[in-house]
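Letters A, B, ... mirror the listed sequences (proteins, then strands); counts begin at 1.
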Amino acid sequence: MTPAVTFQHVSRHFGSVRAVDGVDLTIAEGSFFAMLGPSGSGKTTCLRLISGFEKPTGGTIHIFGDDVSNTPPHLRNVNTVFQDYALFPHMNVRDNVAYGLMVKGVGRAARYGKADEMLALVKLDTYGDRKPSQLSGGQRQRVALARALVNEPRVLLLDEPLGALDLKLREAMQDELKTLQQRLGITFVFVTHDQGEALSMADNLAVFNEGKIAQIGTPEEVYAKPRTRFVADFVGSSNVLPPDITRSLGGPTAWSSLRPESLHLTAPGGALLSGPVTSLRYLGAGNRITIAAPGGAEIAAVIPAGQPVPETGQTIGLTFVPAALHVRGSA
Amino acid sequence: MPSDNRAPLSLKIGAGLGLAFLHLPIVLIFLYAFTTEQRSYQFPPPGLTTKWFAVAWNRADIWPPMILSLQVAAISTALALVLGTLVSAAMARTKFFGREQISLLIILPIALPGVITGMSLRSAFALMDIPFSTLTIILGHATFCIVIVYNNAVARMRRLSGGIMEASADLGANAFQSFRYILLPNLGSALLAGGMLAFALSFDEVIVTTFTAGQQSTLPIWMLQELVRPRQRPVTNVVAIVVFMATIIPILFAYYVTRGGSDTAGGGK
(Lines give C-alpha, C1' and ligand atoms only; values in the text may rest on other atoms or scores of the structure.)
Protein backbone atom coordinates (compact mmCIF):
# COMPACT_ATOMS: atom_id res chain seq x y z
CA MET A 1 0.00 0.00 0.00
CA THR A 2 1.30 3.44 -0.90
CA PRO A 3 1.90 5.47 2.25
CA ALA A 4 -0.17 8.64 2.60
CA VAL A 5 2.86 10.86 3.22
CA THR A 6 6.58 10.20 2.99
CA PHE A 7 9.44 12.56 3.81
CA GLN A 8 12.83 11.68 2.40
CA HIS A 9 15.52 13.55 4.23
CA VAL A 10 13.43 16.73 4.24
CA SER A 11 14.89 19.99 5.54
CA ARG A 12 13.49 23.47 5.88
CA HIS A 13 16.03 26.07 6.88
CA PHE A 14 15.19 29.71 7.54
CA GLY A 15 18.55 31.40 7.12
CA SER A 16 20.71 29.79 9.78
CA VAL A 17 17.73 28.35 11.66
CA ARG A 18 17.18 24.67 10.89
CA ALA A 19 13.47 24.44 11.60
CA VAL A 20 13.31 21.00 10.04
CA ASP A 21 16.57 19.17 9.63
CA GLY A 22 16.82 15.95 7.64
CA VAL A 23 13.51 14.36 8.58
CA ASP A 24 12.57 10.89 7.29
CA LEU A 25 8.98 10.01 7.88
CA THR A 26 6.33 7.60 6.62
CA ILE A 27 2.67 8.04 7.46
CA ALA A 28 0.48 5.04 6.64
CA GLU A 29 -2.82 5.57 4.85
CA GLY A 30 -5.81 5.64 7.16
CA SER A 31 -3.77 6.17 10.31
CA PHE A 32 -4.02 8.79 13.00
CA PHE A 33 -0.54 10.23 13.15
CA ALA A 34 0.57 12.69 15.82
CA MET A 35 3.52 15.06 15.64
CA LEU A 36 4.49 15.83 19.20
CA GLY A 37 7.08 18.25 20.45
CA PRO A 38 7.69 21.48 22.33
CA SER A 39 7.19 24.80 20.51
CA GLY A 40 9.97 25.45 18.02
CA SER A 41 10.70 21.76 17.58
CA GLY A 42 9.72 21.77 13.90
CA LYS A 43 6.43 19.90 14.11
CA THR A 44 4.30 22.74 12.73
CA THR A 45 6.83 23.41 9.96
CA CYS A 46 6.54 19.72 9.02
CA LEU A 47 2.77 20.11 8.81
CA ARG A 48 3.16 23.20 6.62
CA LEU A 49 5.52 21.24 4.40
CA ILE A 50 2.73 18.71 3.84
CA SER A 51 0.10 21.40 3.20
CA GLY A 52 2.50 23.25 0.89
CA PHE A 53 2.82 26.55 2.75
CA GLU A 54 6.49 25.81 3.19
CA LYS A 55 8.78 24.44 0.53
CA PRO A 56 11.58 22.10 1.54
CA THR A 57 15.10 23.49 1.22
CA GLY A 58 16.24 19.89 0.83
CA GLY A 59 14.77 16.42 0.34
CA THR A 60 11.51 15.31 -1.24
CA ILE A 61 7.93 14.95 -0.04
CA HIS A 62 5.51 12.44 -1.53
CA ILE A 63 1.77 12.37 -1.00
CA PHE A 64 0.30 9.05 -2.13
CA GLY A 65 3.34 8.44 -4.27
CA ASP A 66 3.32 11.82 -6.05
CA ASP A 67 6.29 14.09 -5.57
CA VAL A 68 4.67 17.30 -4.29
CA SER A 69 7.85 19.09 -3.22
CA ASN A 70 7.07 21.92 -5.65
CA THR A 71 3.26 21.73 -5.77
CA PRO A 72 1.47 24.85 -4.47
CA PRO A 73 -1.06 24.38 -1.61
CA HIS A 74 -4.19 24.82 -3.73
CA LEU A 75 -3.26 21.90 -5.97
CA ARG A 76 -2.70 19.40 -3.14
CA ASN A 77 -5.43 17.03 -2.05
CA VAL A 78 -4.84 17.75 1.61
CA ASN A 79 -6.78 20.13 3.83
CA THR A 80 -5.94 21.83 7.08
CA VAL A 81 -7.74 22.67 10.29
CA PHE A 82 -5.85 25.77 11.38
CA GLN A 83 -4.84 26.56 14.89
CA ASP A 84 -6.85 29.78 15.01
CA TYR A 85 -9.49 28.16 12.73
CA ALA A 86 -9.09 30.98 10.14
CA LEU A 87 -12.81 31.04 9.35
CA PHE A 88 -13.85 33.63 6.77
CA PRO A 89 -15.44 36.39 8.89
CA HIS A 90 -17.61 37.82 6.10
CA MET A 91 -19.31 34.53 5.22
CA ASN A 92 -21.88 32.59 7.16
CA VAL A 93 -21.12 29.08 8.37
CA ARG A 94 -22.66 27.36 5.34
CA ASP A 95 -20.67 29.48 2.88
CA ASN A 96 -17.51 28.87 4.88
CA VAL A 97 -18.01 25.13 4.64
CA ALA A 98 -19.03 25.26 0.97
CA TYR A 99 -16.05 27.45 -0.01
CA GLY A 100 -13.83 24.58 -1.13
CA LEU A 101 -16.56 23.43 -3.50
CA MET A 102 -17.41 26.95 -4.68
CA VAL A 103 -13.86 27.63 -5.90
CA LYS A 104 -13.99 24.34 -7.78
CA GLY A 105 -17.10 25.53 -9.61
CA VAL A 106 -19.67 23.26 -7.94
CA GLY A 107 -23.20 24.67 -8.35
CA ARG A 108 -24.99 26.35 -5.48
CA ALA A 109 -27.55 23.63 -4.72
CA ALA A 110 -24.97 20.84 -4.81
CA ARG A 111 -22.43 22.62 -2.68
CA TYR A 112 -24.96 23.74 -0.07
CA GLY A 113 -26.30 20.18 0.10
CA LYS A 114 -22.78 18.88 0.74
CA ALA A 115 -22.05 21.68 3.23
CA ASP A 116 -25.16 20.84 5.24
CA GLU A 117 -24.12 17.21 5.21
CA MET A 118 -20.72 18.17 6.64
CA LEU A 119 -22.33 20.41 9.24
CA ALA A 120 -24.50 17.47 10.30
CA LEU A 121 -21.35 15.38 10.61
CA VAL A 122 -19.96 17.83 13.17
CA LYS A 123 -23.40 18.28 14.78
CA LEU A 124 -23.90 21.87 13.70
CA ASP A 125 -26.79 21.31 11.25
CA THR A 126 -28.82 24.23 12.56
CA TYR A 127 -25.99 26.76 12.52
CA GLY A 128 -25.60 27.26 8.75
CA ASP A 129 -26.93 30.82 8.68
CA ARG A 130 -24.82 32.16 11.53
CA LYS A 131 -21.67 34.19 11.17
CA PRO A 132 -18.46 32.80 12.70
CA SER A 133 -18.46 35.67 15.22
CA GLN A 134 -21.72 34.33 16.65
CA LEU A 135 -20.22 30.96 17.52
CA SER A 136 -18.35 29.69 20.57
CA GLY A 137 -14.76 28.47 20.33
CA GLY A 138 -15.80 24.83 20.22
CA GLN A 139 -18.35 25.51 17.49
CA ARG A 140 -15.81 27.42 15.38
CA GLN A 141 -13.50 24.47 15.70
CA ARG A 142 -16.21 22.18 14.31
CA VAL A 143 -16.90 24.55 11.43
CA ALA A 144 -13.19 24.56 10.60
CA LEU A 145 -13.30 20.77 10.64
CA ALA A 146 -16.37 20.60 8.39
CA ARG A 147 -14.83 23.13 6.00
CA ALA A 148 -11.62 21.11 5.72
CA LEU A 149 -13.53 17.86 5.16
CA VAL A 150 -15.84 19.14 2.43
CA ASN A 151 -13.27 18.56 -0.32
CA GLU A 152 -12.91 14.94 0.82
CA PRO A 153 -9.16 15.22 1.33
CA ARG A 154 -7.15 12.02 1.50
CA VAL A 155 -5.06 13.57 4.27
CA LEU A 156 -6.43 15.94 6.90
CA LEU A 157 -3.91 18.11 8.72
CA LEU A 158 -4.75 19.45 12.15
CA ASP A 159 -2.54 22.16 13.64
CA GLU A 160 -3.05 22.13 17.42
CA PRO A 161 -6.80 22.20 16.79
CA LEU A 162 -7.77 21.79 20.42
CA GLY A 163 -5.29 24.26 21.86
CA ALA A 164 -7.79 27.07 22.36
CA LEU A 165 -10.49 24.95 24.01
CA ASP A 166 -11.06 24.44 27.71
CA LEU A 167 -10.16 21.11 29.29
CA LYS A 168 -13.59 19.50 29.28
CA LEU A 169 -14.33 20.45 25.68
CA ARG A 170 -10.86 19.34 24.68
CA GLU A 171 -11.40 15.86 26.06
CA ALA A 172 -14.80 15.57 24.37
CA MET A 173 -13.30 16.73 21.06
CA GLN A 174 -10.44 14.21 21.37
CA ASP A 175 -12.96 11.37 21.47
CA GLU A 176 -14.96 12.91 18.66
CA LEU A 177 -11.96 13.41 16.39
CA LYS A 178 -10.85 9.86 16.95
CA THR A 179 -14.34 8.52 16.15
CA LEU A 180 -14.58 10.75 13.09
CA GLN A 181 -11.22 9.57 11.79
CA GLN A 182 -12.20 5.93 12.17
CA ARG A 183 -15.55 6.55 10.50
CA LEU A 184 -14.13 8.44 7.53
CA GLY A 185 -11.07 6.23 7.23
CA ILE A 186 -8.87 9.10 6.02
CA THR A 187 -5.39 9.87 7.26
CA PHE A 188 -5.22 12.43 10.08
CA VAL A 189 -1.95 14.21 10.81
CA PHE A 190 -2.22 15.96 14.11
CA VAL A 191 0.25 18.46 15.56
CA THR A 192 0.27 18.94 19.32
CA HIS A 193 2.53 19.85 22.20
CA ASP A 194 0.29 17.96 24.63
CA GLN A 195 1.72 14.49 25.17
CA GLY A 196 -1.50 13.21 26.75
CA GLU A 197 -3.42 14.20 23.62
CA ALA A 198 -0.87 12.50 21.34
CA LEU A 199 -0.73 9.32 23.40
CA SER A 200 -4.48 8.91 23.69
CA MET A 201 -5.41 9.66 20.07
CA ALA A 202 -2.60 8.56 17.80
CA ASP A 203 -1.93 5.21 16.16
CA ASN A 204 1.61 6.38 15.58
CA LEU A 205 3.49 9.39 16.77
CA ALA A 206 6.72 11.20 16.07
CA VAL A 207 8.43 13.13 18.84
CA PHE A 208 10.18 16.23 17.50
CA ASN A 209 13.13 17.97 19.07
CA GLU A 210 15.21 20.75 17.48
CA GLY A 211 14.05 20.06 13.94
CA LYS A 212 14.68 16.34 14.08
CA ILE A 213 12.56 13.34 14.94
CA ALA A 214 13.76 12.02 18.30
CA GLN A 215 11.60 8.93 18.15
CA ILE A 216 8.81 7.51 16.04
CA GLY A 217 6.55 4.61 16.98
CA THR A 218 3.27 3.61 18.57
CA PRO A 219 2.27 5.47 21.75
CA GLU A 220 3.03 2.34 23.79
CA GLU A 221 6.55 2.06 22.36
CA VAL A 222 7.35 5.72 22.79
CA TYR A 223 5.97 5.82 26.30
CA ALA A 224 7.49 2.61 27.62
CA LYS A 225 10.76 2.66 25.70
CA PRO A 226 11.92 6.23 25.17
CA ARG A 227 14.97 6.15 22.96
CA THR A 228 16.50 9.37 24.18
CA ARG A 229 16.62 11.31 27.37
CA PHE A 230 14.57 14.06 25.72
CA VAL A 231 11.74 11.67 24.83
CA ALA A 232 11.81 10.13 28.31
CA ASP A 233 11.49 13.56 29.86
CA PHE A 234 9.02 15.09 27.40
CA VAL A 235 6.63 12.16 27.10
CA GLY A 236 5.26 11.45 30.55
CA SER A 237 8.12 13.14 32.46
CA SER A 238 10.04 9.96 33.20
CA ASN A 239 12.77 9.80 35.80
CA VAL A 240 16.01 9.88 33.85
CA LEU A 241 18.66 7.88 35.67
CA PRO A 242 22.41 8.22 35.11
CA PRO A 243 24.53 5.02 34.64
CA ASP A 244 25.71 4.69 38.24
CA ILE A 245 22.17 4.79 39.62
CA THR A 246 20.99 2.32 36.95
CA ARG A 247 23.69 -0.06 38.12
CA SER A 248 22.79 0.40 41.79
CA LEU A 249 19.24 -0.60 40.85
CA GLY A 250 20.43 -3.86 39.36
CA GLY A 251 20.78 -2.75 35.74
CA PRO A 252 23.83 -2.38 33.51
CA THR A 253 26.04 0.71 33.58
CA ALA A 254 23.91 2.77 31.22
CA TRP A 255 21.35 5.55 31.16
CA SER A 256 17.85 4.41 31.94
CA SER A 257 14.38 5.77 32.56
CA LEU A 258 11.69 4.92 35.04
CA ARG A 259 8.04 6.01 34.87
CA PRO A 260 6.79 7.77 38.02
CA GLU A 261 3.65 5.62 38.08
CA SER A 262 5.64 2.36 38.08
CA LEU A 263 7.15 3.19 41.48
CA HIS A 264 5.40 2.03 44.64
CA LEU A 265 5.72 3.08 48.25
CA THR A 266 7.50 0.72 50.60
CA ALA A 267 9.41 0.78 53.90
CA PRO A 268 12.75 2.64 53.61
CA GLY A 269 14.84 -0.22 54.95
CA GLY A 270 16.04 -2.46 52.14
CA ALA A 271 14.13 -0.56 49.40
CA LEU A 272 15.71 -0.10 45.97
CA LEU A 273 15.39 3.64 46.29
CA SER A 274 15.00 5.61 49.45
CA GLY A 275 15.34 9.16 50.64
CA PRO A 276 13.49 12.11 52.17
CA VAL A 277 10.42 13.49 50.41
CA THR A 278 11.37 16.88 48.92
CA SER A 279 8.07 17.84 47.34
CA LEU A 280 4.49 16.79 47.25
CA ARG A 281 1.90 17.76 44.64
CA TYR A 282 -1.77 16.87 44.64
CA LEU A 283 -2.96 15.79 41.19
CA GLY A 284 -6.57 14.90 41.92
CA ALA A 285 -6.24 11.32 40.77
CA GLY A 286 -3.29 10.83 43.09
CA ASN A 287 -0.24 12.54 44.52
CA ARG A 288 3.10 13.14 42.90
CA ILE A 289 6.03 13.01 45.30
CA THR A 290 9.70 13.62 44.75
CA ILE A 291 12.42 12.09 46.86
CA ALA A 292 16.11 12.92 47.04
CA ALA A 293 17.76 9.56 46.35
CA PRO A 294 21.41 8.82 47.16
CA GLY A 295 23.77 9.99 44.45
CA GLY A 296 21.90 13.30 44.05
CA ALA A 297 19.10 12.00 41.82
CA GLU A 298 15.60 13.41 42.21
CA ILE A 299 13.10 10.61 41.75
CA ALA A 300 9.41 11.30 41.14
CA ALA A 301 6.66 8.82 41.89
CA VAL A 302 2.89 8.92 41.56
CA ILE A 303 0.89 7.51 44.44
CA PRO A 304 -2.69 6.64 43.47
CA ALA A 305 -5.50 8.27 45.44
CA GLY A 306 -6.58 6.33 48.50
CA GLN A 307 -3.10 5.29 49.52
CA PRO A 308 -1.46 6.92 52.54
CA VAL A 309 0.53 10.00 51.55
CA PRO A 310 3.90 10.61 53.23
CA GLU A 311 4.80 14.02 54.60
CA THR A 312 7.49 16.29 53.25
CA GLY A 313 10.83 15.47 54.89
CA GLN A 314 9.78 11.94 55.82
CA THR A 315 12.17 9.27 54.58
CA ILE A 316 10.42 6.68 52.44
CA GLY A 317 11.34 3.77 50.20
CA LEU A 318 10.30 3.16 46.60
CA THR A 319 10.21 -0.12 44.74
CA PHE A 320 9.33 -1.30 41.23
CA VAL A 321 9.21 -4.44 39.13
CA PRO A 322 12.50 -4.90 37.23
CA ALA A 323 10.77 -4.76 33.83
CA ALA A 324 9.75 -1.12 34.48
CA LEU A 325 13.36 0.03 34.23
CA HIS A 326 14.01 0.95 30.61
CA VAL A 327 17.72 0.90 29.80
CA ARG A 328 19.04 2.92 26.84
CA GLY A 329 22.41 2.77 25.22
CA SER A 330 22.96 6.52 25.23
CA ALA A 331 21.96 9.65 27.07
CA MET B 1 -15.55 57.17 31.20
CA PRO B 2 -17.90 60.06 31.93
CA SER B 3 -16.72 62.28 34.73
CA ASP B 4 -18.86 63.50 37.57
CA ASN B 5 -17.10 66.83 37.48
CA ARG B 6 -19.15 69.16 35.33
CA ALA B 7 -17.31 71.76 33.31
CA PRO B 8 -17.66 75.32 34.62
CA LEU B 9 -19.98 77.61 32.67
CA SER B 10 -17.10 79.80 31.47
CA LEU B 11 -15.44 76.80 29.82
CA LYS B 12 -18.69 75.83 28.12
CA ILE B 13 -19.10 79.34 26.74
CA GLY B 14 -15.49 79.34 25.59
CA ALA B 15 -15.94 76.03 23.81
CA GLY B 16 -19.15 77.26 22.20
CA LEU B 17 -17.44 80.42 20.96
CA GLY B 18 -14.57 78.35 19.58
CA LEU B 19 -16.93 76.10 17.63
CA ALA B 20 -18.87 79.11 16.38
CA PHE B 21 -15.65 80.77 15.20
CA LEU B 22 -14.81 77.64 13.25
CA HIS B 23 -18.18 77.04 11.67
CA LEU B 24 -20.08 80.31 11.35
CA PRO B 25 -17.99 81.42 8.34
CA ILE B 26 -19.21 78.31 6.52
CA VAL B 27 -22.79 79.33 7.20
CA LEU B 28 -21.94 82.77 5.78
CA ILE B 29 -20.69 81.17 2.56
CA PHE B 30 -24.08 79.54 2.18
CA LEU B 31 -25.87 82.77 3.05
CA TYR B 32 -23.97 84.92 0.51
CA ALA B 33 -24.84 82.49 -2.26
CA PHE B 34 -28.39 83.87 -1.92
CA THR B 35 -27.62 87.59 -1.53
CA THR B 36 -28.89 90.18 -4.01
CA GLU B 37 -25.78 92.32 -3.61
CA GLN B 38 -23.12 91.20 -6.09
CA ARG B 39 -20.17 93.56 -5.49
CA SER B 40 -19.42 93.23 -1.80
CA TYR B 41 -20.24 90.92 1.10
CA GLN B 42 -22.34 93.19 3.29
CA PHE B 43 -24.16 91.97 6.35
CA PRO B 44 -27.03 91.53 6.63
CA PRO B 45 -27.68 90.86 2.91
CA PRO B 46 -30.01 93.47 1.45
CA GLY B 47 -32.21 90.75 -0.04
CA LEU B 48 -32.34 87.06 -0.85
CA THR B 49 -32.52 85.41 -4.28
CA THR B 50 -31.80 82.04 -5.91
CA LYS B 51 -30.92 83.54 -9.28
CA TRP B 52 -27.14 82.99 -8.81
CA PHE B 53 -27.58 79.26 -9.18
CA ALA B 54 -29.01 79.80 -12.65
CA VAL B 55 -26.30 82.34 -13.44
CA ALA B 56 -23.58 79.93 -12.32
CA TRP B 57 -25.12 77.13 -14.39
CA ASN B 58 -25.03 79.32 -17.50
CA ARG B 59 -21.50 80.68 -17.02
CA ALA B 60 -19.35 78.91 -19.61
CA ASP B 61 -16.10 79.55 -17.65
CA ILE B 62 -17.20 77.37 -14.71
CA TRP B 63 -17.63 74.15 -16.63
CA PRO B 64 -14.05 73.46 -17.82
CA PRO B 65 -12.56 73.74 -14.30
CA MET B 66 -15.44 71.72 -12.88
CA ILE B 67 -14.93 68.91 -15.39
CA LEU B 68 -11.16 69.05 -14.93
CA SER B 69 -11.50 68.76 -11.15
CA LEU B 70 -13.82 65.77 -11.42
CA GLN B 71 -11.50 64.17 -13.95
CA VAL B 72 -8.39 64.69 -11.85
CA ALA B 73 -10.06 63.49 -8.65
CA ALA B 74 -11.50 60.39 -10.32
CA ILE B 75 -8.32 59.33 -12.10
CA SER B 76 -5.94 60.01 -9.23
CA THR B 77 -8.29 58.15 -6.87
CA ALA B 78 -8.43 55.17 -9.22
CA LEU B 79 -4.64 55.20 -9.51
CA ALA B 80 -4.32 55.44 -5.73
CA LEU B 81 -6.75 52.56 -5.17
CA VAL B 82 -4.67 50.19 -7.28
CA LEU B 83 -1.23 51.28 -6.06
CA GLY B 84 -2.28 51.90 -2.45
CA THR B 85 -3.85 48.45 -2.16
CA LEU B 86 -0.81 46.75 -3.65
CA VAL B 87 1.64 48.54 -1.39
CA SER B 88 -0.49 47.92 1.70
CA ALA B 89 -0.59 44.21 0.84
CA ALA B 90 3.19 44.17 0.61
CA MET B 91 3.54 46.02 3.91
CA ALA B 92 1.01 43.99 5.86
CA ARG B 93 1.80 40.52 4.53
CA THR B 94 5.56 40.35 4.29
CA LYS B 95 8.55 41.32 6.32
CA PHE B 96 11.62 42.57 4.54
CA PHE B 97 14.68 44.64 5.20
CA GLY B 98 13.86 48.34 5.33
CA ARG B 99 10.11 47.84 5.61
CA GLU B 100 9.63 50.49 8.31
CA GLN B 101 11.66 53.01 6.32
CA ILE B 102 9.63 52.41 3.18
CA SER B 103 6.45 52.69 5.20
CA LEU B 104 7.59 56.15 6.32
CA LEU B 105 8.43 57.13 2.74
CA ILE B 106 4.92 56.19 1.64
CA ILE B 107 3.33 58.32 4.35
CA LEU B 108 5.68 61.25 3.72
CA PRO B 109 3.76 63.04 0.92
CA ILE B 110 0.90 63.74 3.31
CA ALA B 111 3.17 64.85 6.12
CA LEU B 112 5.23 67.16 3.91
CA PRO B 113 3.89 70.66 3.33
CA GLY B 114 2.11 70.83 -0.02
CA VAL B 115 4.48 73.57 -1.13
CA ILE B 116 7.43 71.17 -0.84
CA THR B 117 5.62 68.37 -2.68
CA GLY B 118 4.52 70.88 -5.33
CA MET B 119 7.96 72.41 -5.81
CA SER B 120 9.74 69.08 -5.97
CA LEU B 121 7.25 67.68 -8.46
CA ARG B 122 7.45 70.83 -10.58
CA SER B 123 11.23 70.69 -10.81
CA ALA B 124 11.15 66.95 -11.43
CA PHE B 125 8.64 67.33 -14.26
CA ALA B 126 10.68 70.17 -15.76
CA LEU B 127 13.84 68.09 -15.52
CA MET B 128 12.19 65.19 -17.30
CA ASP B 129 10.74 67.51 -19.96
CA ILE B 130 7.17 66.52 -19.11
CA PRO B 131 4.88 69.39 -20.14
CA PHE B 132 2.55 70.67 -17.40
CA SER B 133 -0.85 69.29 -18.21
CA THR B 134 -3.81 67.39 -16.80
CA LEU B 135 -1.48 64.40 -16.49
CA THR B 136 0.95 66.24 -14.22
CA ILE B 137 -1.91 67.42 -11.98
CA ILE B 138 -3.15 63.84 -11.71
CA LEU B 139 0.33 62.58 -10.81
CA GLY B 140 0.67 65.29 -8.18
CA HIS B 141 -2.67 64.43 -6.61
CA ALA B 142 -1.97 60.69 -6.76
CA THR B 143 1.04 61.17 -4.45
CA PHE B 144 -1.17 62.06 -1.51
CA CYS B 145 -4.22 60.03 -2.59
CA ILE B 146 -2.12 56.85 -2.36
CA VAL B 147 -1.35 57.65 1.26
CA ILE B 148 -5.03 57.86 2.16
CA VAL B 149 -5.87 54.57 0.46
CA TYR B 150 -2.75 52.94 1.91
CA ASN B 151 -3.53 54.03 5.46
CA ASN B 152 -7.05 52.65 5.28
CA ALA B 153 -6.11 49.41 3.56
CA VAL B 154 -3.08 48.63 5.71
CA ALA B 155 -5.05 49.11 8.93
CA ARG B 156 -7.69 46.69 7.70
CA MET B 157 -5.15 44.15 6.48
CA ARG B 158 -3.41 44.13 9.85
CA ARG B 159 -6.72 43.48 11.55
CA LEU B 160 -7.57 40.56 9.28
CA SER B 161 -6.50 37.17 10.52
CA GLY B 162 -3.50 36.32 8.36
CA GLY B 163 -4.65 32.73 8.21
CA ILE B 164 -7.69 33.34 6.03
CA MET B 165 -5.68 33.72 2.82
CA GLU B 166 -3.84 30.51 3.63
CA ALA B 167 -7.12 28.80 4.46
CA SER B 168 -8.45 29.88 1.08
CA ALA B 169 -5.46 28.44 -0.76
CA ASP B 170 -5.64 25.32 1.35
CA LEU B 171 -9.23 24.79 0.22
CA GLY B 172 -8.18 24.92 -3.42
CA ALA B 173 -8.59 28.58 -4.38
CA ASN B 174 -6.00 30.04 -6.75
CA ALA B 175 -4.50 33.46 -6.07
CA PHE B 176 -7.16 35.30 -8.08
CA GLN B 177 -10.03 33.48 -6.32
CA SER B 178 -8.50 34.18 -2.90
CA PHE B 179 -8.27 37.87 -3.81
CA ARG B 180 -11.76 38.01 -5.26
CA TYR B 181 -13.66 36.02 -2.61
CA ILE B 182 -11.65 36.57 0.56
CA LEU B 183 -9.43 39.64 0.46
CA LEU B 184 -11.63 42.04 -1.49
CA PRO B 185 -14.84 41.52 0.55
CA ASN B 186 -12.88 42.07 3.74
CA LEU B 187 -11.06 45.05 2.32
CA GLY B 188 -14.07 46.54 0.49
CA SER B 189 -15.33 49.10 2.98
CA ALA B 190 -11.79 50.23 3.83
CA LEU B 191 -11.07 50.79 0.12
CA LEU B 192 -14.39 52.56 -0.37
CA ALA B 193 -13.65 54.86 2.56
CA GLY B 194 -10.08 55.44 1.40
CA GLY B 195 -11.25 56.15 -2.14
CA MET B 196 -13.93 58.61 -0.97
CA LEU B 197 -11.48 60.51 1.22
CA ALA B 198 -8.89 60.56 -1.54
CA PHE B 199 -11.49 61.92 -3.98
CA ALA B 200 -12.54 64.63 -1.55
CA LEU B 201 -8.94 65.57 -0.86
CA SER B 202 -8.09 65.81 -4.53
CA PHE B 203 -11.22 67.77 -5.41
CA ASP B 204 -10.35 70.76 -3.21
CA GLU B 205 -6.56 70.64 -3.50
CA VAL B 206 -4.92 73.98 -4.35
CA ILE B 207 -1.23 74.02 -3.47
CA VAL B 208 0.14 71.01 -5.32
CA THR B 209 -2.20 71.83 -8.22
CA THR B 210 -0.77 75.36 -8.50
CA PHE B 211 2.71 73.92 -8.97
CA THR B 212 1.83 71.09 -11.32
CA ALA B 213 -0.82 72.70 -13.53
CA GLY B 214 -0.17 74.27 -16.90
CA GLN B 215 -2.63 76.81 -18.26
CA GLN B 216 -5.72 74.96 -17.06
CA SER B 217 -7.26 75.51 -13.66
CA THR B 218 -9.20 73.23 -11.35
CA LEU B 219 -12.32 74.41 -9.57
CA PRO B 220 -10.61 75.62 -6.35
CA ILE B 221 -8.07 77.57 -8.41
CA TRP B 222 -10.83 79.09 -10.49
CA MET B 223 -12.50 80.21 -7.23
CA LEU B 224 -9.29 81.80 -6.01
CA GLN B 225 -8.98 83.78 -9.24
CA GLU B 226 -12.64 84.72 -9.13
CA LEU B 227 -12.46 86.15 -5.59
CA VAL B 228 -10.33 89.11 -6.70
CA ARG B 229 -12.87 90.12 -9.33
CA PRO B 230 -15.85 92.13 -8.10
CA ARG B 231 -18.23 90.82 -10.77
CA GLN B 232 -21.04 88.41 -9.80
CA ARG B 233 -19.47 87.52 -6.45
CA PRO B 234 -22.26 85.24 -5.24
CA VAL B 235 -21.49 82.89 -8.17
CA THR B 236 -18.25 82.00 -6.36
CA ASN B 237 -20.33 81.13 -3.31
CA VAL B 238 -22.55 78.89 -5.38
CA VAL B 239 -19.45 77.08 -6.62
CA ALA B 240 -18.16 76.95 -3.04
CA ILE B 241 -21.34 75.12 -2.07
CA VAL B 242 -20.71 72.64 -4.88
CA VAL B 243 -17.12 72.06 -3.68
CA PHE B 244 -18.37 71.77 -0.10
CA MET B 245 -20.90 69.12 -1.08
CA ALA B 246 -18.46 67.25 -3.30
CA THR B 247 -16.05 66.89 -0.39
CA ILE B 248 -18.28 66.58 2.67
CA ILE B 249 -20.57 63.92 1.23
CA PRO B 250 -17.74 61.45 0.46
CA ILE B 251 -16.20 62.12 3.87
CA LEU B 252 -19.47 61.47 5.68
CA PHE B 253 -19.98 58.37 3.57
CA ALA B 254 -16.47 57.13 4.37
CA TYR B 255 -17.15 57.75 8.04
CA TYR B 256 -20.42 55.83 7.76
CA VAL B 257 -19.00 52.72 6.06
CA THR B 258 -16.14 52.35 8.51
CA ARG B 259 -17.92 53.40 11.71
CA GLY B 260 -17.22 51.14 14.62
CA GLY B 261 -13.70 50.58 13.36
CA SER B 262 -10.80 52.85 14.05
CA ASP B 263 -9.31 52.46 10.62
CA THR B 264 -10.39 55.56 8.75
CA ALA B 265 -7.13 57.35 8.59
CA GLY B 266 -5.92 60.52 6.99
CA GLY B 267 -9.22 62.37 6.80
CA GLY B 268 -7.65 65.41 8.34
CA LYS B 269 -5.30 66.86 5.78
Original post:
What residue, out of B:Ile182, B:Asn174, B:Leu160, has the most heavy-atom pairs lying under 4.5 Å from chain A?
Top reply: B:Ile182
Original post:
By number, which residues in residues 241-249 of chain B have some heavy atom less than 4.5 Å away from chain A?
Top reply: none
Subject >> Closest non-hydrogen atom pair, B:Ala167 against A:Ala86 >> reply: CB-O, 3.8 Å
**OP:** Could you look at A:Val78 and say if it's the side chain, the backbone, both or neither that has a heavy atom under 4.5 Å from chain B?
**Re:** backbone
Original post:
Taking non-hydrogen atoms and a cut-off under 4.5 angstrom, which of residues 110-143 of chain A neighbour chain B?
Top reply: none
Original post:
If you take all heavy atoms of B:Ile164 and A:Leu87, which pair is closest and at what distance?
Top reply: CG2-O, 3.4 Å
**OP:** Give a yes or no on whether B:Phe96 atom CZ has more than 12 heavy-atom contacts from other residues, nucleotides or ligands under 6.0 Å away.
**Re:** yes
Original post:
In terms of heavy-atom contacts, does CZ of B:Arg158 have more than 12 from other residues, nucleotides or ligands at under 6.0 Å?
Top reply: yes
Subject >> A:His90 versus B:Asn186, closest heavy-atom pair with distance >> reply: ND1-ND2, 3.0 Å
Original post:
Between A:Arg147, A:His74, A:Lys104, which shows the greatest number of heavy-atom pairs under 4.5 Å with chain B?
Top reply: A:His74
Original post:
Which atom names give the shortest non-hydrogen contact between B:Ser168 and A:Tyr99, and what distance separates them?
Top reply: OG-OH, 2.7 Å
Original post:
Checking heavy atoms, do the side chain of A:Asn79, its backbone, both or neither come under 4.5 Å from chain B?
Top reply: both
**OP:** Among the options B:Ala173, B:Ala175, B:Ser178, B:Pro185, pick out the one with the most heavy-atom pairs lying under 4.5 Å from chain A.
**Re:** B:Ala173
**OP:** Evaluate whether atom CZ of A:Arg170 has more than 12 neighbouring non-hydrogen atoms of other residues, nucleotides or ligands under 6.0 angstrom away.
**Re:** yes
**OP:** Please report the closest heavy-atom contact between A:Thr80 and B:Asp170, naming both atoms and the distance.
**Re:** N-OD2, 2.6 Å
Original post:
What are the two closest heavy atoms between A:Phe53 and B:Ala169, and how far apart are they?
Top reply: CE2-CB, 4.2 Å
